[in-house]
Undergrad: 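The structure is given below, and queries will be raised subsequently.
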Amino acid sequence: MATPFAESAQGVRRLHAAVVELEQSTRLLQLPPLDGREWYELLTRKLMPQLVGDPYIVAAVVGGTNIGKSVVFNHLAGCDASATSPLASGTKHPTCLVPQGFSQRHDLSAIFQGFVVKEWTEAAAPLQEVAEHRLFWRMIPELPENLLVLDTPDIDSDAEVNWHRADCIRHCADVLIAVLTQQKYNDAAVKQFFRKAAVEGKAVIVVFNQCQLPDDEQYWPLWLDTFCRETEIQPECVYLAPHDREAAENGRLPFFIREFPVPDEPSAELGDARDLSAELSQLRFDDIKYHTLQTSLSRLLDPQQGVPGYLDEVRLKSLDFQSAAELFSSNQLARIDDWPPVPNSLLVYHVRDWWREQREGFPRAVHNFYNTVGRGVVAPFRWARNHIAGEPTDPLEEYRKREWNTIVEAISRLYDGLTQLSQFGNALLQPRLEKVLAGKSREALLETLSTEYKALDLAEEMSQLVAAQMHTFRDDSPQMYAFLKRLDTVAAAARPMTSVVFFFAGGLPVGQAVSPLMGDAMTQAAVHIVGDIAGGTGAVVVGEAAVSGTSEGLRYLESKFRQLQAGFTARRVTWFSELLRAHLLGSLQEELQSAADLPHSELFASVQAIIEDLRRQPVDVRG
């Protein structure tokens with residue numbers, strides 16, 4: 001069963017992964033990077049490294065010059081660690097003692113971010129004067145498996161480089177062992193360090209060293225009161241260590257715990273000596289870890305300075321992109337309302353061609369024979385018409401000319417609109433538009449489009465669309481399709497009788513004679529369709545009457561015909577849009593809209609949900 005600590009650890013890991021992914025998505029917003037933000041440094045340097053595997057404590061022994069930090073350090077280590085390390089005021093780099101096997105289970109570089117982590121193999125290594133911020137580590141078998149102990153350079157040093165290292169140590173540590181003396185508890189540099197620790201909510205254990213006991217029992221509460229008032233530190237606990245050089249040198253120095261807050265009548269008895277290492281790793285481990293994670297999470301989830309503040313920043317920036325996207329789209333730069341419709345005759349031709357392919361057997365043979373005869377009969381009339389009125393314009397070429405003129409006009413309007421928008425002054429849109437306009441010139445773009453346009457086979461595209469739509473009609477309306485097939489068969493049987501009668505009665509084949517009498521162009525097209533189904537001559541009248549005396553069938557076919565026109569126009573507009581995207585606009589519109597929609601994305605909502613879960617989930621390693 002998962003403990004609350006484990007659940008919170010999982011939540012923190014999920015939050016880290018989500019905010020990293022969110023930062024990738026917010027690149028268009030041009031926000032400052034997450035690296036360097038205090039909450040992100042806390043998340044990556046403190047929480048993430050310590051939430052991998054079993055929990056542990058990093059205890060940093062800190063204090064001023066010559067106050068006996070090495071004694072406390074040795075006591076925590078459980079051995080004379082200082083015997084091989086010059087832990088006096090000359091130490092320039094922190095040193096860390098780790099339990100056996102810890103370095104194999106954990107990444108020390110991740111725990112001590114800000115430092116170059118090196119194994120401690122030479123006694124004088126921490127004394128070297130180098131600009132690189134180093135941290136030396138060494139394995140100590142005597143250490144409890146959940147405790148790391150840090151010895152640090154003097155925090156009252158005048159060396160500026162030590163201040164930076166002190167800050168990094170403070171960030172990495174779970175608990176600060178504040179070693180104070182009668183001479184150093186009120187030192188300005190020491191208090192400045194712990195003021196920062198108080199602001200960061202660090203767990204602090206105070207050790208008053210070199211005390212004259214029992215005489216100093218009446219004074220340490222005064223020293224502590226001054227220290228706490230000046231730094232705002234509220235220590236987890238307080239220990240007193242006597243001034244006993246022989247005991248300190250032999251590793252037998254006792255540490256006596258004292259109550260905090262100090263009672264009105266403190267006990268005069270020294271009490272039993274405590275093992276600081278055992279206190280940290282066992283008795284006070286849960287309290288310290290609880291304090292550390294609670295403090296870190298409270299800073300991480302701070303409404304202004306934490307992750308929620310970052311989300312607010314994303315929201316505000318996205319609003320600017322929303323304005324830019326609306327400005328771009330409200331001008332309707334790429335909208336074309338007057339795209340030319342495909343001529344009815346072209347669609348009729350392809351519908352007839354498709355239908356001819358569906359015929360089989362007797363209807364196919366009869367219709368093919370009479371259509372061949374019909375073309376021969378009509379040929380003289382067509383020659384006479386062309387001789388008098390001139391050769392008719394190819395409807396496909398006429399359509400291509402009208403469509404190309406529409407494209408040229410649309411590009412002209414688009415360039416004019418983009419130029420105006422680039423001068424409008426929108427801080428987000430302007431540089432992107434200038435980048436677009438600095439690319440292909442108008443003439444070069446038209447030349448590119450012209451080359452691609454000439455290579456298009458519009459007839460084949462129309463044929464494919466008609467075939468797809470007619471197959472859909474056949475599959476979706478099987479009864480209507482079957483009825484028209486039967487009608488086509490009837491027309492084939494009736495054709496030898498009706499063709500001659502209606503031809504001479506009307507002076508022209510019925511498919512050409514009836515159409516001018518129908519006022520609506522769409523109705524004309526529908527008559528052509530039915531006419532072709534019925535054979536292309538006199539049987540068209542039979543077909544229309546057979547479909548429905550109230551023309552319901554005709555209106556049905558008319559609606560299908562309108563779908564063909566709309567579908568073809570949509571394909572042509574899509575083709576034009578894709579060319580503009582490929583050769584001019586790129587992903588500008590999508591980028592603007594994507595940035596504007598970011599606060600409404602699943603990723604953004606996921607980060608918010610994780611934050612709320614962490615706020616509701618108590619962090620407690622005691623499970």
Side-chain angles (χ1 to χ4, degrees), residues 41 44-46 49-50 52-53 56-179 193 197 202 251 276-277 280-281:
E41 296 295 310
T44 56
R45 291 191 178 191
K46 181 64 180 177
Q50 293 208 26
V52 176
Y56 55 88
I57 282 180
V58 178
V61 181
V62 295
T65 308
N66 294 325
I67 59 173
K69 291 197 304 294
S70 60
V71 174
V72 178
F73 184 70
N74 286 341
H75 188 87
L76 287 170
C79 64
D80 192 11
S82 64
T84 56
S85 173
L87 299 173
S89 59
T91 301
K92 302 299 186 298
H93 304 280
T95 53
C96 180
L97 305 181
V98 303
Q100 189 168 9
F102 188 90
S103 60
Q104 283 76 46
R105 300 191 305 271
H106 299 272
D107 182 2
L108 292 175
S109 296
I111 297 173
F112 299 111
Q113 293 189 32
F115 291 104
V116 176
V117 178
K118 296 178 176 291
E119 188 171 2
W120 184 9
T121 57
E122 298 180 9
L127 295 173
Q128 296 175 1
E129 286 276 7
V130 293
E132 186 177 56
H133 302 302
R134 297 175 177 175
L135 182 142
F136 296 92
W137 69 274
R138 174 186 168 199
M139 189 272 292
I140 296 293
E142 292 83 355
L143 272 178
E145 63 180 7
N146 61 353
L147 180 63
L148 280 70
V149 184
L150 267 176
D151 185 65
T152 62
D154 299 328
I155 60 176
D156 58 351
S157 170
D158 293 333
E160 187 174 344
V161 68
N162 276 13
W163 304 343
H164 175 80
R165 290 167 187 168
D167 288 339
C168 291
I169 290 168
R170 196 173 58 248
H171 293 155
C172 298
D174 289 302
V175 59
L176 302 174
I177 311 296
V179 182
F193 174 87
K202 285 293 178 182
L276 287 184
S277 179
L280 290 177
S281 64

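Values below: every heavy atom of this structure, side chains too, minus hydrogens, waters and symmetry copies. The first residue of the sequence shown is numbered 1, and numbering continues consecutively from there.
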Undergrad: Tell me which one of Leu150, Leu280, Asp151 satisfies side chain to side chain contact (heavy atoms under 4.5 Å, CB included) with Leu76.
TA: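 When Leu150, Leu280, Asp151 are each tested with Leu76, the side chain to side chain contact (heavy atoms under 4.5 Å, CB included) holds only for Leu280.
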Undergrad: What are the two closest heavy atoms between Leu147 and Pro99, and how far apart are they?
TA: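 Smallest interatomic distance, heavy atoms only, reads O-CD, 3.2 Å.
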Undergrad: How close do Ile140 and Cys79 get, heavy atom to heavy atom, and via which atoms?
TA: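 That would be CG2-SG, 3.8 Å.
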Undergrad: If you take all heavy atoms of Leu276 and His75, which pair is closest and at what distance?
TA: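 Heavy atoms only, the tightest pair is N-NE2, 3.2 Å.
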Undergrad: Mind checking whether Thr95 and Trp137 have side chains closer than 4.5 Å, heavy atoms only?
TA: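 The answer is no, as the side chains (C-beta and beyond) never meet within the 4.5 Å cut-off.
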Undergrad: Tell me, do Ile57 and Val175 make a side-chain contact under 4.5 Å, heavy atoms counted?
TA: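 The answer is yes; the side chains approach within 4.5 Å.
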Undergrad: Distance from Cys168 atom SG to Leu135 atom CG, nearest 0.5 Å?
TA: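 These two atoms lie 10.0 Å from each other.
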Undergrad: Heavy atoms only: give me the nearest Ile111-His106 pair and the separation to one decimal.
TA: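 Scanning both residues, the minimum pair turns out to be CD1-CB, 4.2 Å.
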Undergrad: Can you list everything that forms a side-chain hydrogen bond (donor to acceptor under 3.5 Å, both in side chains) with Asp167? Sequence neighbours excluded, please.
TA: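 Checked Asp167 against side-chain hydrogen bond (donor to acceptor under 3.5 Å, both in side chains); matches are Arg170.
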Undergrad: Measure the CZ-SG distance between Phe102 and Cys96 for me, rounded to the nearest 0.5 Å.
TA: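 Reported to 0.5 Å precision, the distance equals 8.0 Å.
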Undergrad: Quick one, Gln128 and Lys92 - any side-chain contact, counting heavy atoms below 4.5 Å?
TA: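 Sidechains of Lys92 and Gln128: no contact.
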Undergrad: Can you name the closest pair of heavy atoms from Leu148 and Leu108 and give their distance?
TA: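 Heavy atoms of Leu148 and Leu108 come nearest at CD2-CD2, 4.4 Å.
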Undergrad: Tell me the closest heavy-atom pair linking Thr44 and Gln113, and the distance in Å.
TA: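 Result for this residue pair: O-NE2, 2.8 Å.
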Undergrad: Should Glu119 and Arg138 be marked as a salt bridge (Lys or Arg N to Asp or Glu O under 4.0 Å) after you check the CA-CA gap, both sets of side-chain angles, and the distance that decides it?
TA: CA-CA 6 Å; Glu119 188 171 2; Arg138 174 186 168 199; over 6 Å; no
Undergrad: Would you check if the distance from the ring center of Phe115 to the ring center of His93 is below 6.0 Å?
TA: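 Ring centroids of Phe115 and His93 are no less than 6.0 Å from each other.
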Undergrad: Quick one: pull up OG1 in Thr152 and CD1 in Ile169 and give me the separation to the nearest 0.5 Å.
TA: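 Thr152 OG1 to Ile169 CD1: 5.0 Å, rounded to 0.5 Å.
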Undergrad: Does the side chain to side chain contact (heavy atoms under 4.5 Å, CB included) test come out yes or no for Leu143 and Val149, once each step is laid out?
TA: CA-CA 9 Å; Leu143 272 178; Val149 184; 3.8 Å; yes
Undergrad: Stepwise, does the side chain to side chain contact (heavy atoms under 4.5 Å, CB included) test hold for Ile177 with Val62?
TA: CA-CA 6 Å; Ile177 311 296; Val62 295; 6.0 Å; no
Undergrad: Do Phe136 and Thr121 have side chains that get closer than 4.5 Å, going by heavy atoms?
TA: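 No, too far: nothing below the 4.5 Å cut-off.
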Undergrad: Kindly indicate whether the side chain of Lys69, heavy atoms from C-beta on, has any atom under 4.5 Å from the side chain of Asp154.
TA: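 Yes, at least one pair of side-chain atoms sits under 4.5 Å.
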Undergrad: How many angstroms lie between atom CZ of Arg134 and atom NZ of Lys118, to the nearest 0.5 angstrom?
TA: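 Arg134 atom CZ to Lys118 atom NZ measures 5.0 Å (nearest 0.5 Å).
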Undergrad: With a sphere of 6.0 Å drawn around CD of Glu145, does it hold more than 12 non-hydrogen atoms of other residues, nucleotides or ligands?
TA: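 Check fails, neighbour count at 12 or below.
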Undergrad: Considering only NZ, NE, NH1 and NH2 on the basic side and carboxylate oxygens on the acidic side, decide whether Asp174 and Lys202 come within less than 4.0 Å.
TA: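 Looking at Lys202 together with Asp174, the answer is no, because their closest N to O distance does not fall below 4.0 Å.
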Undergrad: Working to the nearest 0.5 angstrom, can you tell me the gap between Phe193 CZ and Leu176 CG?
TA: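 One finds 5.0 Å between CZ of Phe193 and CG of Leu176.
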Undergrad: Taking atom CE of Met139 and atom CH2 of Trp120, what is their separation to the nearest 0.5 Å?
TA: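 So the gap between those two atoms works out to 13.5 Å.
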